[in-house]
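Below, read A as the first sequence line, B as the second, and so on, with proteins coming before strands; counting in each chain starts at 1.
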Amino acid sequence: MARILITSALPYINGIKHLGNLVGSQLPADVYARYMRARGHEVLFICATDEHGTPAELAAAATGEPVAEYCARLWTVQKEIADGFGLSFDHFGRSSSPQNHRLTQHFAGRLADAGLIAEVAEKQVYSRADGRFLPDRYITGTCPNCGYERARGDQCENCTKQLDPTDLINPRSAISGSTDLEIRETKHLYLRQSLMRNKLRDWIDSKTDWPVLTTSIARKWLDDGEGLQDRGITRDLDWGIPVRRGTEPWPGMEGKVFYVWFDAPIEYIGATAEWADAHPDAGGWERWWREDGGAADVRYVQFMGKDNVPFHTLSFPATLLGANADGAETWKLVDYIKSFNYLNYEGGKFSTSEGRGVFMDQALEILPADYWRWWLMSNVPEGSDSNFTWESFQAGVNKDLADVLGNFVSRVTKFARARFGDTLPEGGAHGPQELALIGELQRGLDSYQAMMDGMAFRRASQDLRQIWVLGNEYLQSAAPWAAFKSDPDRAAATVRFAFNLIRLYAILSRPFLPEAAARMLAALGHPEDTWPTDVAEALATLGPGHRFEVPEVLFAKIDDARRIELEARFSGAG
RNA sequence: GGGCCCGUAGCUCAACGGUCAGAGCAGAGCGCUCAUAACGCUUUGGUUGCAGGUUCGAAUCCUGCCGGGCCUACCA
């Protein structure tokens with residue numbers, strides 16, 4: 001039995017996430033976590049909301065709530081939606097937790113002790129009307145290059161030229177529109193990642209099994225231009241983790257907070273500490289995060305969209321490695337990063353601002369989670385960006401779930417009920433057909449497991465579907481409806497075997513389809529449900545006399561009228 | 001501008017440099033009648049973006065071109 005730590009990239013607190021966000025980290029992480037638990041491994045699956053930063057403050061201001069209340073409310077909203085999708089986090093934390101405050105301050109202190117923090121005086125734009133410093137992208141003005149009037153302080157969207165806020169003509173606050181701006185000097189802490197460039201490169205180079213998408217992004221940042229740059233880790237904001245050097249005050253940094261990209265990944269550890277505090281018998285968070293605290297045998301897998309790769313390949317490892325500069329704290333580094341491309345919506349991007357695409361709360365209002373889980377995972381953007389269309393969604397749901405799996409369960413249970421009553425019949429035994437099928441199922445299972453172990457989710461979903469298809473092929477060739485008339489014992493044996501297939505399918509499908517699997521097992525009276533090691537043995541579980549029920553339709557089809565209605569509703573027009 | 005990735009059947013995707021480039025969906029034909037008009041079998045369909053090169057052998061490696069996508073450090 002292995003010990004596996006799984007983290008999903010932290011969803012930002014600012015609003016409800018869309019299907020692209022879901023499929024890019026939380027959902028594949030959940031499927032993997034469920035699979036590994038089913039295989040008998042000790043799994044800790046961690047996620048949390050990422051709550052700090054300017055967008056959270058602005059979103060709170062827009063609703064008139066204090067930012068802490070806003071975040072607490074949105075955390076509850078996100079938690080309920082995650083539960084609705086069956087995301088089986090062992091803990092869903094908050095980056096604003098006291099545990100994360102302590103850890104973030106601790107890391108900053110350790111990094112400072114190791115000489116990896118620099119204090120830098122810099123000039124930033126301050127808005128007197130807003131009473132705050134403005135990040136570059138919250139300053140707008142006229143682009144000096146192309147004359148576009150709504151250029152942002154970091155880049156002009158029109159001509160794509162990189163800008164400095166002081167370049168802008170007629171600069172104003174994007175928050176209030178005020179032009180009452182001034183340049184103020186302020187002091188900030190920088191993480192001296194540049195000093196760790198070689199150490200980080202050696203570490204990246206040792207990861208020969210990582211996806212190209214992951215390592216190429218990391219190498220680009222390490223070596224592009226002048227190489228890995230130091231990064232500011234503090235901000236002049238109110239909402240965030242106060243700057244402290246460990247447990248001590250940090251002279252000159254009063255009133256400042258750590259910047260969100262520094263404290264967000266630390267919340268993986270913080271959330272584990274939240275979990276450990278809630279589960280005193282679990283042995284403590286160190287068991288998962290400190291090699292000198294019991295985590296030496298942990299395999300740590302991270303799931304994220306490609307936009308998050310630089311932070312997880314460079315900044316966060318720099319934090320963990322830097323905190324161990326004296327060898328006194330051996331932090332657990334990630335063993336494998338599974339990164340994803342983007343999911344598009346009907347050929348374009350999901351857009352929060354334009355209301356284009358499907359958001360997680362809306363998805364659950366339309367159909368149960370399993371429908372979405374299946375389509376998203378069987379079309380997960382592993383190799384390149386993929387595209388959600390209602391037509392593809394309709395086809396995938398109807399064909400795979402309703403026709404292949406759902407109908408299989410339906411035809412088996414209804415036939416048995418009609419011919420044999422509400423318990424499995426006696427008589428007959430395995431013949432050559434059953435033996436051949438067992439062989440095919442065993443090969444299918446081996447392949448499915450190999451794909452799941454390797455996190456090749458598209459391939460895994462294809463293998464799973466093929467395993468379902470084998471059931472329909474078997475019924476067609478065994479034809480118990482014909483055998484019933486000439487050789488009832490033969491039909492009885494076929495029916496018993498088919499019921500054992502339903503049980504097997506429920507177990508194997510559970511990582512993807514937890515609700516449907518539960519309903520299948522419930523129809524069988526909740527039989528033993530551990531992951532099979534030997535297919536033949538697994539298919540001998542339900543015997544004569546076993547009671548069953550005919551379940552409600554497992555998956556309803558989406559008809560054309562419904563699809564057209566949904567297409568129109570989510571086009572972004574309204 | 002720089003870097004990375006991609007381009008394979010009508011669609012979505014596979015294929016350690018090595019049997020006739022494979023699946024699913026869609027299309028066609030046949031079968032079955034237990035089932036959600038479901039299922040099964042058979043079948044149509046590709047000059048692997050274009051042009052060169054390396055090799056006994058290229059979808060795969062190299063060069064150029066065409067087309068698409070992503071990243072580019074203060075969004076997180």
Side-chain angles (χ1 to χ4, degrees), chain A residues 9-14 21 50-56 95 124-125 133-139 152-155 160-162 164-165 193 211-213 215-217 219-221 223-225 228-232 235 259-261 264-265 305-311 314-315 341-342 344 378-379 381-387 389 391-392 394-396 398-419 456 458-459 461-463 465-466 469 471-484 491 494-495 498 550 552-557:
Chain A
L10 307 188
Y12 196 66
I13 193 70
N14 181 10
N21 300 126
D50 176 10
E51 303 193 357
H52 298 132
T54 310
S95 68
Q124 280 199 331
V125 174
F133 284 91
L134 296 177
D136 288 354
R137 66 178 304 162
Y138 286 107
I139 304 159
R152 294 190 321 213
D154 54 346
Q155 186 179 37
T160 73
K161 186 177 171 58
Q162 304 278 322
D164 190 88
Q193 321 185 103
V212 178
L213 181 66
T215 52
S216 65
I217 291 172
R219 289 210 173 83
K220 159 78 168 162
W221 281 52
D223 295 324
D224 187 47
L228 186 61
Q229 300 294 298
D230 295 342
R231 294 193 66 153
R235 286 292 180 276
Y259 184 44
V260 56
W261 78 253
K306 58 188 167 185
D307 53 328
N308 256 317
V309 168
F311 300 98
L314 302 169
S315 306
N341 289 285
Y342 290 145
N344 289 318
S378 55
N379 294 277
E382 276 174 326
S384 58
D385 290 356
S386 61
N387 189 30
T389 66
E391 206 172 316
S392 171
Q394 177 192 28
N398 288 357
K399 214 54 213 172
D400 299 347
L401 296 182
D403 292 347
V404 177
L405 177 61
N407 182 54
F408 175 76
V409 173
S410 182
R411 67 195 294 202
V412 168
T413 52
K414 286 184 179 174
F415 177 78
R417 161 63 54 87
R419 298 292 193 281
R458 269 179 186 252
R459 301 288 297 280
S461 70
Q462 288 171 14
D463 283 345
R465 189 197 134 101
Q466 181 53 35
V469 166
N472 284 313
E473 291 177 1
Y474 168 71
L475 282 188
Q476 184 66 30
S477 67
W481 48 89
F484 184 74
T494 299
V495 162
V550 177
E552 293 294 308
V553 167
L554 272 186
F555 298 101
K557 291 201 187 196

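- Counting to the nearest Å, the P atom of B/rC75 and the CG atom of A/Asn21 are 17 Å from each other.
- For the side chain to side chain contact (heavy atoms under 4.5 Å, CB included) test, residues two or more places apart in sequence or in another chain that qualify with A/Thr389 are A/Glu346, A/Asn387, A/Glu391, A/Ser392.
- For the OP1/OP2 pair of B/rC71 and a distance below 4.0 Å, the side-chain nitrogens and oxygens of A/Tyr342 include at least one atom meeting the criterion.
- Residues A/Val309 and A/Trp221 are not in side-chain contact: their nearest non-hydrogen atoms beyond the backbone lie 4.5 Å or more apart.
- Residue-level contact check: A/Pro55 touches the backbone only, with heavy atoms under 4.0 Å from sugar-phosphate atoms and none from bases.
- Heavy atoms of A/Arg459 sit under 4.0 angstrom from primed sugar atoms or phosphate atoms, though from no base atom.
- Side-chain proximity of A/Asn472 to B/rC70, B/rC74, B/rC39: nearest is B/rC39.
- Nearer the 5' end of RNA chain B, as judged by each residue's closest nucleotide, is the contact made by A/Ala402, out of A/Asp50 and A/Ala402.
- Here B/rC41 presents its P atom at 12 Å from CG of A/Leu475, a figure rounded to the nearest Å.
- Within the nucleic acid shown, A/Val469 comes within 4.0 Å of sugar-phosphate atoms alone, with no base atom in reach, counting heavy atoms only.
- Every residue was checked against the salt bridge (charged side-chain N to carboxylate O under 4.0 Å, His left out) condition with A/Arg458, not counting sequence neighbours, and none meets it.
- Nearest to the side chain of A/Lys414, among B/rC32, B/rA35, B/rA73, sits B/rA35.
- One interatomic measurement links the two molecules: OH of A/Tyr138 to P of B/rC75, which rounds to 8 Å at whole-angstrom precision.
- Using modelled atom types, one side-chain atom of A/Ser95 and one backbone atom of A/Glu51 make a donor-acceptor pair closer than 3.5 Å.
- Atoms CG (A/Leu401) and P (B/rU36) sit 17 Å apart, rounded to a whole Å.
- With sequence neighbours excluded, the residues that form a side chain to side chain contact (heavy atoms under 4.5 Å, CB included) with A/Ser461 are A/Trp374, A/Ser378, A/Phe512.
- Ring stacking is absent between A/Phe415 and B/rC34, as the pair misses the limits of under 5.5 Å between centres and under 30 degrees between planes.
- Comparing B/rU36, B/rA15, B/rA73 by their closest approach to the side chain of A/Leu228 singles out B/rA73.
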Measure all distances between protein nitrogen or oxygen atoms and nitrogen or oxygen atoms of nucleotides 24-26 of chain B, and list the pairs falling under 3.5 Å.
unit_1: B/rG24; atom_1: O3'; unit_2: A/Arg465; atom_2: NH2; d: 2.9
unit_1: B/rC25; atom_1: OP1; unit_2: A/Arg465; atom_2: NH2; d: 3.3

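- The residue among A/Pro11 and A/Phe408 whose nearest nucleotide of RNA chain B is located toward the 5' end is A/Phe408.
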Please step through side chain to side chain contact (heavy atoms under 4.5 Å, CB included) for the pair A/Val404 and A/Asn472, ending with a clear verdict. CA-CA 7 Å; A/Val404 177; A/Asn472 284 313; 4.1 Å; yes
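- Heavy atoms of A/Leu134 sit nowhere under 4.0 angstrom from any nucleic acid atom.
- Scanning for side-chain hydrogen bond (donor to acceptor under 3.5 Å, both in side chains) contacts around A/Lys220 gives A/Asp224, with sequence neighbours left out.
- Looking at the side chain of A/Lys557, the nearest of the listed nucleotides B/rC32, B/rC70, B/rU36 is B/rU36.
- Legend: residues meeting salt bridge (charged side-chain N to carboxylate O under 4.0 Å, His left out) with A/Asp403, ordered by chain and number and at least two apart, are A/Lys399, A/Lys557.
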Enumerate the protein-to-nucleotides 4-13 of chain B contacts in which both atoms are nitrogen or oxygen and the separation is below 3.5 Å.
unit_1: B/rC4; atom_1: O2'; unit_2: A/Ser216; atom_2: OG; d: 3.3

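- The salt bridge (charged side-chain N to carboxylate O under 4.0 Å, His left out) test applied to A/Asp230 returns no partner, not counting sequence neighbours.
- Atom pair A/Arg411:CZ and B/rU33:C1' shows a separation of 9 Å (rounding to whole Å applied).
- Two residues are said to be in side-chain contact when any heavy atoms from C-beta on lie closer than 4.5 Å; A/Tyr342 and A/Asp307 meet this criterion.
- The aromatic rings of A/Trp481 and A/Phe415 lie perpendicular to each other, with more than 60° between the two planes, well past the 30° mark.
- Not one N or O on the side chain of A/Tyr474 forms a donor-acceptor pair closer than 3.5 Å with the backbone of A/Val469.
- Taking atom P in both B/rC4 and B/rG53, one finds a spacing of 26 Å when rounded to whole Å.
- In this structure, the nucleotide among B/rC75, B/rU36, B/rA73 sitting nearest to the side chain of A/Arg231 is B/rA73.
- Straight-line distance from the CG atom of A/Asn308 to the C1' atom of B/rA73: 14 Å, rounded to whole Å.
- Nucleotides B/rC62 and B/rA23 have their C1' atoms positioned 31 Å apart, rounded to a whole Å.
- Residue A/Lys220 has no polar side-chain atom (N or O) positioned under 4.0 Å from OP1 or OP2 of B/rA73.
- Contact annotation for A/Val260: backbone-only contact, meaning every heavy-atom pair under 4.0 Å involves sugar-phosphate atoms and none involves a base.
- With hydrogens and angles left out, the side chain of A/Asn407 and the base of B/rA35 share a donor-acceptor pair within 3.5 Å.
- Taking 4.5 Å as the limit, every side-chain heavy atom of A/Val260 sits out of range of all side-chain heavy atoms of A/Arg235.
- Between A/Asp403 atom CG and B/rU36 atom P there is a gap of 12 Å when expressed in whole angstrom units.
- When base pairs are accepted only as Watson-Crick or G-U wobble with both N-N or N-O distances under 3.5 Å, RNA chain B takes part in stems of 3 or more pairs at B:1-7 with B:66-72, B:10-13 with B:22-25, B:27-31 with B:39-43, B:49-53 with B:61-65.
- For A/Arg419, the salt bridge (charged side-chain N to carboxylate O under 4.0 Å, His left out) criterion is met by no residue, not counting sequence neighbours.
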At a cut-off of 3.5 Å, list every protein nitrogen or oxygen paired with a nitrogen or oxygen from nucleotides 28-30 of chain B, distance to 0.1 Å.
none

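- Here A/Ala456 pairs with A/Met451, A/Arg459 under the side chain to side chain contact (heavy atoms under 4.5 Å, CB included) rule; sequence neighbours left out.
- Contact annotation for A/Glu473: backbone-only contact, meaning every heavy-atom pair under 4.0 Å involves sugar-phosphate atoms and none involves a base.
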